[in-house]
Amino acid sequence: VDCIKFKSDRICGIKIRSNNDLLHVICVYLPQAGCSIASYETELEILSNGIQECTSEGGNVIVIGDVNAHIGKEGGPRGWGKTSKNGNSLCRFATMFNLEIIDLKCNTVGPKYTYISHWGTTSHLDHCLISKAMIEQVIRCEVKDEEMQNPSDHLPLQITMRVCHG
């Protein structure tokens, strides 16, 4: 396991080598719409550059976290409402890197939102993007229900995948 360095304190990652397999797992906290201290497009560019650099040696990618992007019906069966500006940018990013936003697919279980505002409104802002070559390895994708132990206004997103050892 090696650390992947990004030029942002909002993005971190690890590179996992197993025999001939290489997996890049990246965790993100991207800026919300109107954020005054960071730009969504700038952070996506930093993420893009990092992915281009680390995948130049091959391997698959998982990007997971609070991407602050709501994606509407066009994103898949679990998408709803209107796609936000950040959502459009995230969809272009996913297409560019041949990634699937796996938590918007029909086999995902749990609530259709991952964020609850202080006013009670909901959005689906947290996502997991995986290399399309890895889709068959996904066993389960779940948005966890609210629990007393979770003090966050975000619901946990859990992905269970089959890991092959060559």
Side-chain angles (χ1 to χ4, degrees), residues 6-13 24-52 55 60-161:
F6 290 90
K7 295 178 181 177
S8 170
D9 59 357
R10 292 176 169 268
I11 307 168
C12 64
H24 310 276
V25 181
I26 301 164
C27 185
V28 298
Y29 172 47
L30 299 181
Q32 72 275 14
C35 180
S36 61
I37 60 171
S39 155
Y40 196 84
E41 296 299 328
T42 300
E43 293 297 321
L44 264 189
E45 185 177 328
I46 292 167
L47 179 58
S48 296
N49 292 339
I51 288 175
Q52 285 174 340
T55 57
N60 288 306
V61 175
I62 297 174
V63 177
I64 191 166
D66 181 355
V67 296
N68 272 306
H70 183 86
I71 299 170
K73 295 177 203 153
E74 66 274 12
R78 291 182 54 91
W80 55 273
K82 185 179 179 199
T83 299
S84 67
K85 181 180 174 190
N86 288 356
N88 287 323
S89 295
L90 185 69
C91 288
R92 285 191 301 275
F93 168 83
T95 300
M96 183 170 58
F97 287 102
N98 204 26
L99 301 173
E100 189 74 54
I101 305 173
I102 200 72
D103 56 278
L104 293 179
K105 301 305 169 194
C106 58
N107 57 344
T108 299
V109 297
K112 287 190 173 187
Y113 58 89
T114 61
Y115 171 76
I116 308 164
S117 75
H118 299 293
W119 303 279
T121 59
T122 59
S123 294
H124 196 128
L125 301 178
D126 305 84
H127 296 286
C128 179
L129 295 79
I130 67 169
S131 295
K132 288 187 177 180
M134 298 179 68
I135 290 174
E136 296 301 317
Q137 292 174 263
V138 176
I139 297 168
R140 182 175 174 87
C141 183
E142 179 179 5
V143 177
K144 299 290 219 172
D145 284 315
E146 293 181 67
E147 296 179 359
M148 291 294 289
Q149 298 88 350
N150 180 14
S152 176
D153 49 6
H154 290 259
L155 300 179
L157 177 60
Q158 179 179 333
I159 310 297
T160 306
M161 298 183 72

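- Side chains of Leu129 and Leu90 form a contact here, defined as non-hydrogen atoms less than 4.5 Å apart.
- Partners of Thr83 according to the side-chain contact (heavy atoms from CB on, under 4.5 Å) rule, which considers only residues two or more places apart in sequence or in another chain, are Ile71, Glu74, Asn88.
- Side-chain contact between Thr55 and His24 is present, with at least one heavy-atom pair separated by less than 4.5 Å.
- Proximity of a side-chain donor or acceptor of His70 to a complementary backbone N or O of Gly79 within less than 3.5 Å is not detected.
- For Thr95, the side-chain contact (heavy atoms from CB on, under 4.5 Å) criterion is met by no residue, not counting sequence neighbours.
- Annotation: the span from Ile62 atom CD1 to Leu99 atom CG amounts to 10.5 Å, rounded to 0.5 Å.
- Legend: residues meeting side chain to side chain donor-acceptor pair (under 3.5 Å) with Ser152, ordered by chain and number and at least two apart, are absent.
- Distance check, rounded to the nearest 0.5 Å: CG of Leu44 to CG of Asn49 gives 11.0 Å.
- Under the salt bridge (Lys or Arg N to Asp or Glu O under 4.0 Å) criterion, Arg92 pairs with no residue at all, not counting sequence neighbours.
- With sequence neighbours excluded, no residue forms a side chain to side chain donor-acceptor pair (under 3.5 Å) with Ser84.
- Expressed to the nearest 0.5 Å, how far SG of Cys35 lies from CG of Asn86 amounts to 10.0 Å.
- Closest non-hydrogen pair, Glu43 versus Ala38, comes out as OE2-CB, 4.3 Å.
- Here Cys141 contributes atom SG and Ile101 contributes atom CD1; the two are 11.5 Å apart, rounded to the nearest 0.5 Å.
- By the side chain to side chain donor-acceptor pair (under 3.5 Å) test, Glu45 is found to be paired with no residue, residues two or more places apart in sequence or in another chain being considered.
- At a threshold of 4.5 Å between non-hydrogen side-chain atoms, the residues Val63 and Ile51 count as touching.
- Here Cys12 contributes atom SG and Ile26 contributes atom CD1; the two are 9.5 Å apart, rounded to the nearest 0.5 Å.
- With Asn60 contributing its side chain and Ser131 its backbone, the two residues share no donor-acceptor pair below 3.5 Å.
- Gln158 is linked by a side chain to side chain donor-acceptor pair (under 3.5 Å) to Lys144, counting only residues two or more places apart in sequence or in another chain.
- Contact detail for Gly50 and Phe6: the closest heavy-atom pair is CA-CE2, 3.6 Å.
- Across all non-hydrogen atoms, the minimal contact from Tyr40 to Ser89 is CE2-CB, 4.0 Å.
- Nearest heavy atom pair, residue Thr122 against residue Trp80, reads O-CH2, 3.1 Å.
- Here the straight-line distance linking atom CG of Leu157 with atom SG of Cys128 works out to 6.0 Å at 0.5 Å rounding.
- For the pair Asp153 and Ser117, the minimum side-chain heavy-atom distance is 4.5 Å or more.
- Here side-chain hydrogen bond (donor to acceptor under 3.5 Å, both in side chains) pairs that include residues 101-115, with residues two or more places apart or in two chains, are Glu100-Lys105, Asp103-His124, Asp103-His127, Thr114-Asp126.
- Checked against ring pair (Phe, Tyr, Trp, His ring centres under 6.0 Å), Phe93 has the following partners two or more places apart in sequence or in another chain: Phe97.
- Under a 3.5 Å cut-off, the side chain of Arg10 and the backbone N or O of Tyr29 do form a donor-acceptor pair.
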